[in-house]
Number of protein chains: 2
Amino acid sequence: MSFPKPNLAVDLALITVMDGHLCCLLMNRQDAVEVGGDWALPGGFVHIDETIEQTALRVLQQKAGMETAYLEQLFTYGNLNRDPRERVVSVSHFALVPAKNLAKAVRGKNQLALARIIVNWDGETGGAASAFSEKLGTLNLAFDHADMLGDVVKRLRGKLNYSDIALELLPEFFTLRQAQEIYEAILGHKLTKPAFRRKLTDRKTIEPTGQRETASAFRPAELYTRI
Amino acid sequence: MSFPKPNLAVDLALITVMDGHLCCLLMNRQDAVEVGGDWALPGGFVHIDETIEQTALRVLQQKAGMETAYLEQLFTYGNLNRDPRERVVSVSHFALVPAKNLAKAVRGKNQLALARIIVNWDGETGGAASAFSEKLGTLNLAFDHADMLGDVVKRLRGKLNYSDIALELLPEFFTLRQAQEIYEAILGHKLTKPAFRRKLTDRKTIEPTGQRETASAFRPAELYTRI
DNA sequence: AGAATAGTGTCTCTCAGACAGTATCTT
DNA sequence: AAGATACTGTCTGAGAGACACTATTCT
């Protein structure tokens, strides 16, 4: 091959639900003027001896300090000027992480932020997203990462109906109310309790433990776990 | 960037339904021993001044002689030895083409074949596929193209429930019976007529023309068209 | 007329949403 | 006991599958 090749990278949206909000890990960039924004998804180039998935795992470990997570490839972005400095094609992924794990990864590192993902559309119809932090306000996203985040939300909403990926966002033991909060945060609207409970308990992927939550005001709910 | 980069390519599954069978365009290769099979999906490298989508369109034009088609990006394959000769990462796409158009593209070119896609699983659960031609028997697929074809079928089956992409496989004017054959070929099982008709006519994406098919034995069916 | 397909009416079953009720725990 | 939340019973309506029926066109 003698002709010049595009660079190949992986970008990673680390997703969680915290306090009822769909959130994402972002990294602060010093080269904001060049790349079009202050904040970006963690990413890295695909090395010659790495598969795409291995690159994603390496980014997960090096940039977020996490060993493992539910990881899924999403889409490959190849617009000519998505990185204004040079040609970079990027394979986006999302990772689903329980809130405590992601909060721990961010703690003490002020180049990392856990921002809310804001979308202004409903259902599964697409569009870009924006990022908002209580401390820092609206975060300006670099590259085409606003589009990437929008596509992540779209995919998550689409998959909720026919898969159990949302359970990846919960700790090992959880109440059905916690599960419902996860679904509501992703979908962006409220659900009715009885229907939600039936849907989840009818699937054979969770089971009651007989234990109950502790430190709750009023009646404690039963704890479930994934099978 | 000083480190070596992977090559970046696009592979294209040109899909149609012919005589009740889900089919795909394949190209004969002379380097079968090196690449692991006689037949491959048409593909090409992503040039430095091309988007991914532009590469896919160029492959569509150069390799299949078609100007345009419904085109969708599917998945990016990056296993280290998927091309035994050198490192190639490939972004797979599928294109949906009415049977007549694809048959016309193949006609007279004996390096091209229109092969049936064979899967041995049901529903939407994945796996690899194989290719079969009435004239040539089972076609040996190069690279990881058996996996790619399996993923194409999986995606198509998944999208049938909530989109109208199957209508891309029909000519401008078509009967509901023809539409049902398309759906049945993709899903791999029969559907019931009244339910299928309701589902299609309830969506606001097709409308009756008042015209009827010609040259049919017995009662001719009404022709519909996409809105 | 007969054959074969086009197209429809209706029953049932399942499932999700909605509401209202009962149960149980903490303060 | 009071209050707040966990959990459930049941009604209703939408939608898919199945079956049987009618309608239309060609030979």
Side-chain angles (χ1 to χ4, degrees), chain A residues 19-20 122-124 157-164 166-167 170-171 173-225, chain B residues 19-20 122-124 157-164 166-167 170-171 173-225:
Chain A
D19 303 326
D122 265 353
E124 296 169 26
R157 290 183 175 178
K159 280 204 119 177
L160 278 198
N161 290 324
Y162 64 91
S163 79
D164 292 310
L167 301 180
L170 289 162
F173 299 102
F174 55 90
T175 67
L176 295 182
R177 174 67 201 159
Q178 286 177 297
Q180 188 170 347
E181 280 172 3
I182 299 281
Y183 275 74
E184 289 173 344
I186 296 175
L187 293 173
H189 59 80
K190 294 284 176 189
L191 299 172
T192 59
K193 189 164 58 166
F196 180 80
R197 295 177 64 92
R198 271 180 310 210
K199 185 192 258 184
L200 233 63
T201 50
D202 285 356
R203 299 190 190 178
K204 298 309 177 190
T205 52
I206 67 171
E207 65 181 2
T209 63
Q211 306 287 59
R212 302 188 159 267
E213 63 181 335
T214 56
S216 74
F218 313 110
R219 176 180 176 181
E222 183 164 14
L223 290 170
Y224 284 70
T225 194
Chain B
D19 304 325
D122 265 352
E124 296 168 26
R157 289 183 176 178
K159 280 204 119 176
L160 279 199
N161 290 323
Y162 63 93
S163 79
D164 292 312
L167 302 178
L170 289 163
F173 300 103
F174 56 89
T175 67
L176 295 182
R177 173 68 202 160
Q178 287 177 295
Q180 188 170 345
E181 281 172 2
I182 299 280
Y183 275 73
E184 289 172 343
I186 295 174
L187 293 173
H189 59 80
K190 294 284 177 187
L191 298 172
T192 60
K193 188 167 58 167
F196 180 81
R197 294 176 65 90
R198 270 181 310 209
K199 184 192 261 183
L200 232 65
T201 51
D202 284 356
R203 299 189 191 179
K204 300 306 179 193
T205 52
I206 66 171
E207 65 180 2
T209 63
Q211 305 286 61
R212 303 189 158 264
E213 62 182 334
T214 55
S216 73
F218 313 110
R219 175 179 177 182
E222 182 161 16
L223 291 170
Y224 284 71
T225 194

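Each chain gets a letter, A, B and so on, in the order its sequence line appears, and its residues count up from 1. Atoms considered below: every heavy atom in the structure, side chains included; atoms not considered: hydrogens, waters and symmetry mates. The structure displayed is predicted, hence computed values, not measured ones.
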Next on the checklist: Tell me which pairs pass salt bridge (charged side-chain N to carboxylate O under 4.0 Å, His left out) where either residue lies in residues 183-212 of chain A, with sequence neighbours left out.
Outcome noted: D164(A)-R203(A), E184(A)-K190(A)
Next on the checklist: Run I206(B) and T225(B) through side chain to side chain contact (heavy atoms under 4.5 Å, CB included) and show every step you take.
Outcome noted: CA-CA 5 Å; I206(B) 66 171; T225(B) 194; over 6 Å; no
Checklist entry - Within the side chain of Q180(A), is there an N or O that forms a donor-acceptor pair under 3.5 Å with the backbone of L191(A)? => result yes
Next on the checklist: When you measure from the side chain of T192(A) to the backbone of P194(A), do you find a donor-acceptor pair of N or O atoms at a distance under 3.5 Å?
Outcome noted: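 No, the answer is negative, given that no donor and acceptor are paired below the 3.5 Å cut-off.
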Checklist entry - Using the C1' atoms of the five pairs at each end, what is the angle between the end axes of the helix from dA1(C)-dT27(D) to dT27(C)-dA1(D), to 10°? => result 0°
Distance check, rounded to the nearest 0.5 Å: [X] atom [atom1] versus [Y] atom [atom2]?
{"X": "F174(A)", "Y": "L223(A)", "atom1": "CZ", "atom2": "CG", "result": "9.0 Å"}
{"X": "R157(B)", "Y": "I186(B)", "atom1": "CZ", "atom2": "CD1", "result": "9.0 Å"}
{"X": "L200(A)", "Y": "L176(A)", "atom1": "CG", "atom2": "CG", "result": "6.5 Å"}

Checklist outcome for this item: Students should find that the nucleotides of DNA chain D closing off the region near chain A, any atom under 4.0 angstrom from a heavy atom, are dG3(D) to dT10(D)
What protein N or O atoms touch nucleotides 14-21 of chain C N or O atoms at under 3.5 angstrom, if any, and at what distances?
{"unit_1": "dG17(C)", "atom_1": "N7", "unit_2": "R198(A)", "atom_2": "NH2", "d": "2.9"}

Next on the checklist: On a heavy-atom basis, which atom in R219(A) and which in E213(A) lie closest, and how many Å separate them?
Outcome noted: O-OE2, 4.5 Å
Checklist entry - How far apart are the closest heavy atoms of G20(A) and A185(A), and which atoms are they? => result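 Smallest interatomic distance, heavy atoms only, reads O-CB, 3.5 Å.
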Next on the checklist: Please determine whether side chain to side chain contact (heavy atoms under 4.5 Å, CB included) holds for the pair T175(A) and E222(A), giving the CA-CA distance in whole Å, both sets of side-chain angles, and the decisive distance to 0.1 Å.
Outcome noted: CA-CA 6 Å; T175(A) 67; E222(A) 183 164 14; over 6 Å; no
Checklist entry - Between dT5(C) atom P and L223(B) atom CG, what is the distance in whole Å? => result 18 Å
Checklist entry - What is the distance from CZ of R177(B) to P of dA4(C), rounded to the nearest Å? => result 16 Å
Enumerate the protein-to-nucleotides 25-27 of chain C contacts in which both atoms are nitrogen or oxygen and the separation is below 3.5 Å.
none

Next on the checklist: Strictly by ring-ring contact (aromatic ring centres under 6.0 Å, His included), give each pair with a member in residues 184-224 of chain A just once, sequence neighbours left out.
Outcome noted: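 Listed by first then second residue: Y183(A)-F196(A).
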Next on the checklist: Using the side-chain contact (heavy atoms from CB on, under 4.5 Å) definition, which of the options L160(B), I182(B), N161(B) pairs with L187(B)?
Outcome noted: L160(B)
